[in-house]
Amino acid sequence: MKAFQDLTALSTALATQGLIPRGSLNFDPSEPAPHGLSNNPAKSVLLVGQAGSAPWPHFLRWREKQPRDLKDPLDAWSREVIGAVAEKFGARAVSPSDKPFLPFQQWAMRAEGLKPSPLGILMHPEYGLWHAYRGALLFDHEISIQAPQNPIHLCDACIGKPCLNSCPVGAYSADGFAYETCLSHVRGPSGVPCRDAGCIARNACPYGWEYRYAAEVQAFHMKAFAGL
Ligand code: B12
Ligand code: SF4
Ligand code: SF4
C-alpha cells in the first residue's frame with residue numbers, strides 16, 4: 001500500500017482555513033466508490049472537517065467579499081477552499097451537500113471508528129457532538145493513515161441520556177429524529193431559543209463543551225436547516 005507522504009503538508013494547508021483531516025479509508029474493490037480525478041473509481045477517501053467552529057472566522061472573512069444574496073455560502077466556501085487543496089494534492093473534492101448524497105457518516109465511522117449518538121450526529125471521544133464534515137478528497141491511489149483503535153463511545157456510559165429528554169417537542173426519541181416536528185417548532189413562535197442558540201437537545205450533551213459552537217454559529221446553522 002502506498003504510504004501517504006503528504007499528510008503533514010495537507011494538514012498545514014487545511015489548517016490555514018481552520019479545517020482538519022478527519023481520517024481516511026481505502027475502498028474495498030467490491031464496493032461502489034465515487035470516481036476520482038482519473039474518472040475511474042477512487043481508491044481512497046480522506047475526510048475533511050472541523051472540530052468546534054474553528055473555520056468560522058475564515059468563513060466570515062471570505063463571506064464579506066461575496067454577494068449578500070449568495071446561496072448556501074458555507075457550502076460555497078467549503079467547496080472553494082477544499083477544492084484548492086484537492087488541486088494541490090492531486091485529488092477530486094466532493095461535498096456533503098453533493099447530490100446524490102455521499103455516505104459521509106458511514107465513511108467517518110470507518111475512518112475514525114465513530115458511532116452515532118442517539119441524535120444521529122456521530123459522537124467523537126474528544127469533540128463530543130461539536131464537529132462536522134466540510135468535504136472529502138478522493139484519491140486514485142490507496143493511502144495509509146493510522147485509524148484510531150476502538151475509540152471510546154461516550155454515549156454507552158452516559159447515564160440519563162439528557163439529549164433525549166431535552167427537546168421541547170420530543171423530536172428526538174428511540175424511534176429516531178422527527179424532522180417535521182422539529183422543523184415546525186423551530187419555524188414557529190416558540191422556536192426562538194432553538195433559532196437563537198441552537199438545538200437544545202444537542203446542547204444538553206455534557207461532552208465536548210470546549211468545542212461547542214458559539215451561539216452565533218449555531219444560529220447560522222439553524223437558519224440554514226430551517227430554511228429561514
Ligand atoms: C439529509 C441530511 C439531513 C436530513 C436527515 C434526513 C434523513 N432522515 O436522512 C436533516 C435535514 C433532518 C438533517 C438535519 C441535520 N443534520 Co444532517 N445531513 C444530511 C446529509 C446532507 C445527507 C444524509 C444522507 O442521506 N446521506 C446519504 C447516506 C447514504 O449516507 P449515510 O452516511 O449512510 O447517512 C447517514 C445519515 O443519513 C444518518 N441520519 C439519518 N437521519 C439523520 C438525522 C440527523 C439529524 C443526522 C445528523 C443524521 C441522520 O444515518 C445514515 C446512516 O449512517 C448529511 C451529509 C451526508 N452527505 O451524509 C448531513 C449530516 C448527516 N448532517 C449533519 C448535521 C450536523 C445535522 C444537524 C444536526 C445540524 C444541521 N446541519 O443543521 C441537523 C439536525 C437539526 C437539528 N435539530 O439540529 C452532519 C453530521 C455531522 C456529525 N458530526 O455526525 C452531516 C454529516 C453534515 C456535515 N456537513 O457534517 N440532516
Ligand atoms: S447526552 Fe449522552 S447519550 Fe446523548 S449524545 Fe451526549 S453522551 Fe450521547
Ligand atoms: S432544534 Fe429544537 S425542536 Fe429541533 S430537535 Fe433541537 S430542541 Fe427539538
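No hydrogens, no waters, no symmetry mates; every other heavy atom, side chains included, goes into these values. Counting starts at 1 for both ligands and their atoms, in listed order. Being a predicted model, the structure only gives us computed values, none of them experimental. Starting from 1, each residue takes its place in the sequence as its number.
Those atoms of ligand 1 that come under 4.0 Å of a heavy atom in Met109, given as number and element, are 53 (O). Numbered from 1 in the order shown, with element, the atoms of ligand 1 that lie under 4.0 Å from a heavy atom of Arg134 read 89 (N). Close approach of ligand 2 to Met123 (heavy-atom distance below 4.0 Å) involves ligand atoms 5 (S), 6 (Fe), 7 (S), 8 (Fe). Close approach of ligand 2 to Lys161 is summarised as follows: ligand atoms under 4.0 Å from at least one heavy atom of the residue are 3 (S). Under a 4.0 Å criterion applied to the non-hydrogen atoms of Cys199, ligand 3 contributes the atoms 1 (S), 5 (S), 6 (Fe), 7 (S). For ligand 3 and Ala201, the ligand atoms under 4.0 Å from any heavy atom of the residue are 7 (S). Residue Tyr172 approaches ligand 3 through these ligand atoms, each under 4.0 Å from one of its heavy atoms: 5 (S). Set against the non-hydrogen atoms of Pro168, the atoms of ligand 3 under 4.0 Å away are 7 (S). Those atoms of ligand 3 with a heavy atom of Met222 less than 4.0 angstrom away are 1 (S). Taking every non-hydrogen atom of Ala132 and a distance limit under 4.0 Å, the qualifying atoms of ligand 1 come out as 90 (O). Annotation for ligand 1: atoms under 4.0 Å from non-hydrogen atoms of Cys182 are 77 (N). Of all the atoms in ligand 1, the ones that sit under 4.0 Å from a non-hydrogen atom of Ile121 are 47 (C), 68 (C), 82 (C), 83 (N), 84 (O). When each atom of ligand 2 is checked for a heavy atom of Tyr207 under 4.0 Å away, the hits are 7 (S). Here is the list of ligand 3 atoms found below 4.0 Å of a heavy atom in His185: 3 (S).
The environment of CG in Asp28 is crowded: more than 12 heavy-atom neighbours from other residues, nucleotides or ligands sit within 6.0 Å. Counting heavy atoms of neighbouring residues, nucleotides and ligands inside a 6.0 Å radius, atom CD of Glu210 exceeds 12 of them.
The protein reaches atom 27 (C) of ligand 1 closely, with a heavy atom under 4.0 angstrom from it. Protein heavy atoms are absent from the space less than 4.0 angstrom from atom 6 (C) of ligand 1. Inside a 4.0 Å radius of atom 60 (C) of ligand 1 there is not any protein heavy atom.
On a distance-only criterion, Arg202 and ligand 1 share no N/O pair closer than 3.5 Å. In terms of N/O distances under 3.5 Å, ligand 1 is not approached by Phe101.
Contacts of Tyr133 with ligand 1, taken as heavy-atom pairs under 4.0 Å, involve both backbone and side chain. Neither the backbone nor the side chain of Asp98 comes within contact range of ligand 1; no heavy atom lies under 4.0 Å. Residue contacts with ligand 3, taken as heavy atom pairs separated by less than 4.0 Å, do not involve Thr181 at all. Residue Phe104 touches ligand 1 through backbone and side chain together, judged by heavy-atom distances below 4.0 Å. Only side-chain heavy atoms of Tyr172 come within less than 4.0 Å of ligand 1; its backbone N, CA, C and O stay farther off. Under 4.0 Å from ligand 1, heavy atoms of Pro103 appear from its side chain as well as its backbone.
Nearest protein heavy-atom neighbour of atom 4 (Fe) of ligand 3: Cys182 SG, 2.4 Å. Of all protein heavy atoms, the one closest to atom 42 (C) of ligand 1 is Gly120 CA, 5.0 Å. The nearest protein atom to atom 37 (O) of ligand 1, hydrogens excluded, is given as Gln105 OE1, 4.2 Å; this is a heavy-atom distance. Counting protein heavy atoms only, atom 55 (C) of ligand 1 is closest to Pro96 O, 3.6 Å. For atom 78 (O) of ligand 1, the closest non-hydrogen atom on the protein side is Cys199 CB, 3.6 Å. Summary of contacts: the protein heavy atom closest to atom 56 (C) of ligand 1 is Leu102 O, 3.5 Å. Among protein heavy atoms, the minimum distance from atom 31 (P) of ligand 1 is reached at Gln106 NE2, 3.7 Å. For atom 7 (S) of ligand 3, the nearest protein heavy atom (residue, atom name, distance) is Ile200 N, 3.3 Å. Looking at atom 12 (C) of ligand 1, its nearest protein heavy atom turns out to be Tyr179 CD1, 3.3 Å. Protein heavy atom in closest approach to atom 70 (C) of ligand 1: Phe225 CB, 4.6 Å.
Contact of the Arg79 side chain with the Ser97 side chain is registered, since non-hydrogen atoms from C-beta on lie closer than 4.5 Å. Looking at Leu7 and Leu46, their side chains come closer than 4.5 Å, going by heavy atoms from C-beta outward. Taking the side chain as every heavy atom from C-beta outward, Val217 and Phe59 never approach each other to under 4.5 Å. Inter-residue side-chain proximity for Cys182 and Cys167 is flagged as unmet; no heavy-atom pair is nearer than 4.5 Å. Inter-residue side-chain proximity for Pro34 and Arg92 is flagged as met; some heavy-atom pair is nearer than 4.5 Å. Between Tyr172 and Cys199 there is a side-chain heavy-atom pair separated by less than 4.5 Å. Between Pro118 and Cys155, some side-chain heavy-atom pair lies under the 4.5 Å cut-off. When side chains are defined from C-beta on, Leu138 counts as touching Phe27, because their heavy atoms get closer than 4.5 Å.
Ligand 3 has no atom lying under 4.0 Å from any heavy atom of Arg202. Ligand 1 lies within reach of Leu119, whose nearest heavy atom is under 4.0 Å from it.
Salt bridge absent: Glu80 and Lys65 never bring a charged side-chain N and a carboxylate O closer than 4.0 Å. Remark: Lys88 does not engage Asp6 in a salt bridge, criterion side-chain N to carboxylate O under 4.0 Å.
Closest heavy-atom approach to atom 2 (Fe) of ligand 2 within the set Ser117, Cys155, Gly208, Cys158: this belongs to Cys158. Closest heavy-atom approach to atom 6 (Fe) of ligand 2 among the candidates Cys205, Pro118, Pro162: Cys205. The residue among His131, Gln218, Met222 with a heavy atom at the shortest distance from atom 81 (C) of ligand 1 is His131. Comparing Cys167, Cys163, Ala178 by heavy-atom distance to atom 8 (Fe) of ligand 3, the nearest is Cys167.
The backbone N or O of Thr16 lies less than 3.5 Å from a partner atom in the side chain of His58, making a donor-acceptor pair. Side-chain atoms of Gln218 come within 3.5 Å of backbone atoms of Tyr213 as a donor-acceptor pair (strictly under, hydrogens ignored). Looking only at distances, a side-chain donor or acceptor of Arg195 sits under 3.5 Å from a matching main-chain atom of Gly188.
Judged by distance alone, the side chains of Trp62 and Gln17 never bring a donor and an acceptor atom under 3.5 Å apart.
Aromatic ring pairs are classed by plane angle as parallel below 30°, tilted from 30° to 60° and perpendicular above 60°; the pair Phe177 and Phe225 is tilted. Between His221 and Trp56, the ring planes are tilted. Angles from 30° to 60° get that label. Ring orientation note: the planes of His131 and Tyr133 are nearly perpendicular, at an angle over 60° on the 30°/60° scale.
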Exercise for the section: Decide ring pair (Phe, Tyr, Trp, His ring centres under 6.0 Å) for Tyr127 and Trp130; before the verdict, give the C-alpha distance in whole Å, the side-chain angles of both, and the deciding distance to 0.1 Å. Expected result: CA-CA 5 Å; Tyr127 317 140; Trp130 303 103; over 10 Å; no

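Annotation: cation-pi geometry not satisfied between Arg61 and Trp77 (NZ/CZ under 6.0 angstrom from ring centroid, within 45° of ring axis).
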